[in-house]
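I have placed the structure first, in the form of structure tokens, so that the comments after it can refer back to it.
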Amino acid sequence: VDHESLEAAAREVMSPAAYHYVAGGSDDEITVAENTAAWRRVRLLPHVLNDVSTVSHAATLLGADMTAPVLVAPMATQRLAHDEGEKAMARGAARAGTVMVVSTMATATLEDIAAAAPGGTLWFQFYVHRDRGLSEDLVRRAEAAGYEAVVLTVDVPVLSNRRREAEHHFQLPDGMTVANLDTSLESVEGSGLAEYTNAAFDPGLTPDDIGWIKSIVDLPVVVKGVLRADDAVRATDAGADAVIVSNHGGRQMDGAIASADALPAVVEAVGGNVPVLVDGGIRGGNDVFKALALGASAVLVGRPLYWALAAGGEDGVAGYLEEIHTELARAMALCGVADLSEIDSSLIAS
Ligand SMILES: Cc1cc2nc3c(=O)[nH]c(=O)nc-3n(C[C@H](O)[C@H](O)[C@H](O)COP(=O)(O)O)c2cc1C
């Protein structure tokens, strides 16, 4: 996928504040750059002389059938990209046959997003608020609206220092709100997102909170934002049904390890027990293939889908995902694997 042209096309139609909010990361953006670089550093050891006349990348994950193991990462405030925001993203994902993870910080209610894409599979990402009643209410609403898993993001005890957000005085334009929470993230100076987050999110999370969520809803719980093997073990011991290796796209601790580099140790520690997903810097089908070879069960894609939404709405999202699927199929053929189950670490040149 030519993600640079896509980003340029999105930038044309987005306000500078919105563009920099999406493109940016924390502090010096070291980890933002590392995430893409790390996938590019991985070298493959392709097979030949294997029959690849038919290649299949259909996958099942936590009960969800997908055309390919590529999910839409949870991203806040998508009406900043397109009028139809999360609804268009959900329809595009459904058309491409994949799961969209809907952010708590969406600019439409979780019920309206579900209603906009009947037949699609949605997971609900949430942050635990200091107000536990509010969090409880949100996950119950998601379950009632037909969401099929909850994704607990654990890497935002506080919001990082995001210079671009502060510089552009990030807040939502008139008429737009974080609909589930009824706030427009208004701020007097600096980033409205930082002000809201630091006041509202609970920095006191422990593994016990995973059990707490499981006691509230009868859905798989996925823990997002793990970079260490020991934390992955703590999360799964506490009941996590899957973990996502992620540094939040370089938007939280700057200088944190690239997700591609963190993945193998987490797979080694818990991969036999639960699916391990990964996100951060995945830009095309070759990156997806490398992630699967390093032991991931699936990947999530963030910013490129925000750009696709801005530049092309629902069609842009579906088109981008279909292009990634085509690229993944081609990488599989070129590496001599006909089925996802044949992708393993022997394909990585160490
Ligand atoms: C604009 C934007 C908003 C995001 N909002 C959320 C969010 O609300 N919840 C969350 O768990 N992660 C959020 N993320 C992180 C993504 O889920 C994902 O971890 C990251 O974008 C993956 O990296 P990539 O953008 O390089 O693909 C956001 C990322 C971006 C770019």
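Just follow the structure's listing: the first ligand is 1, and inside any ligand the first atom is 1.
Phe170 does not carry Arg164 over the face of its six-membered ring by the limits of under 6.0 Å from the centre and within 45° of the normal.
Both the backbone and the side chain of Pro74 come within 4.0 Å of ligand 1, judged by heavy-atom distances. Of the heavy atoms in Gln78, none comes closer than 4.0 Å to ligand 1. Counting heavy atoms under 4.0 Å from ligand 1, residue Met75 touches it through both backbone and side chain.
Taking atom 12 (N) of ligand 1 as the reference point, the nearest protein heavy-atom neighbour is Lys224 NZ, 3.0 Å. Protein heavy atom at the shortest distance from atom 1 (C) of ligand 1 is Arg251 NH2, 3.5 Å. Protein heavy atom closest to atom 27 (O) of ligand 1, with residue, atom name and distance, is Gly302 N, 2.9 Å. The protein heavy atom nearest to atom 5 (N) of ligand 1 is Ala76 N, 3.1 Å. Ranking protein heavy atoms by distance to atom 26 (O) of ligand 1, first place goes to Arg283 NH2, 2.7 Å. For atom 8 (O) of ligand 1, the closest non-hydrogen atom on the protein side is Ser103 OG, 2.7 Å. Looking only at heavy atoms of the protein, atom 18 (C) of ligand 1 is closest to Asp279 OD2, 3.2 Å. Distance from atom 9 (N) of ligand 1 to its nearest protein heavy atom, with residue and atom name: Tyr127 OH, 2.9 Å.
Here the closest heavy-atom approach between residue Asn180 and residue Thr104 is recorded as ND2-O, 3.1 Å.
Taking a cut-off of under 4.0 Å to the non-hydrogen atoms of Thr153, the atoms of ligand 1 that pass are 10 (C), 11 (O). Taking every non-hydrogen atom of Gly280 and a distance limit under 4.0 Å, the qualifying atoms of ligand 1 come out as 22 (C), 23 (O), 26 (O). Listed by atom number, the atoms of ligand 1 under 4.0 Å from Ser246 heavy atoms are 19 (O).
Two rings, from His129 and Phe201, have their centers less than 6.0 Å apart. Ring pair Phe289/Trp39: centre-to-centre distance not below 6.0 Å.
For the side chain to side chain contact (heavy atoms under 4.5 Å, CB included) with Thr236, the qualifying choice from Val274, Asp241, Ile210, Val276 is Val274, the only one to do so.
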(message) Run the salt bridge (Lys or Arg N to Asp or Glu O under 4.0 Å) test on Glu84 and Arg91 for me, step by step, so that the C-alpha distance in whole Å, both residues' side-chain angles and the decisive distance to 0.1 Å come before the verdict.
(response) CA-CA 10 Å; Glu84 288 282 294; Arg91 285 194 287 261; 2.7 Å; yes
(request) Apply the test side chain to side chain contact (heavy atoms under 4.5 Å, CB included) to residues Leu45 and Leu347: give CA-CA distance (whole Å), side-chain angles for both, the deciding distance (0.1 Å), then the verdict. (result) CA-CA 5 Å; Leu45 203 51; Leu347 291 156; 5.6 Å; no
(request) With side chain to side chain contact (heavy atoms under 4.5 Å, CB included) as the test, would you mind laying out the steps for Val223 and Ile244 before giving the verdict? (result) CA-CA 6 Å; Val223 173; Ile244 303 176; over 6 Å; no
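Backbone and side-chain nitrogen or oxygen atoms of Pro304 are examined, and none is located within less than 3.5 angstrom of a nitrogen or oxygen of ligand 1. Considering backbone and side-chain atoms alike, Ala73 places every N or O at 3.5 Å or more from each N or O of ligand 1. Any N or O atom pair closer than 3.5 Å counts here, and Arg303 shares at least one such pair with ligand 1.
For Asp202, the salt bridge (Lys or Arg N to Asp or Glu O under 4.0 Å) partners at least two apart in sequence or on another chain are Arg132.
The shell of residues lying under 4.0 angstrom from ligand 1, judged by heavy atoms, includes Val22.
Each side-chain hydrogen bond (donor to acceptor under 3.5 Å, both in side chains) pair with one or both residues in residues 288-304, not counting sequence neighbours, would appear here, but there are none.
Salt-bridge formation is not detected for the pair Arg162/Asp27: no Lys NZ or Arg NE/NH1/NH2 atom is positioned less than 4.0 Å from an Asp or Glu carboxylate oxygen.
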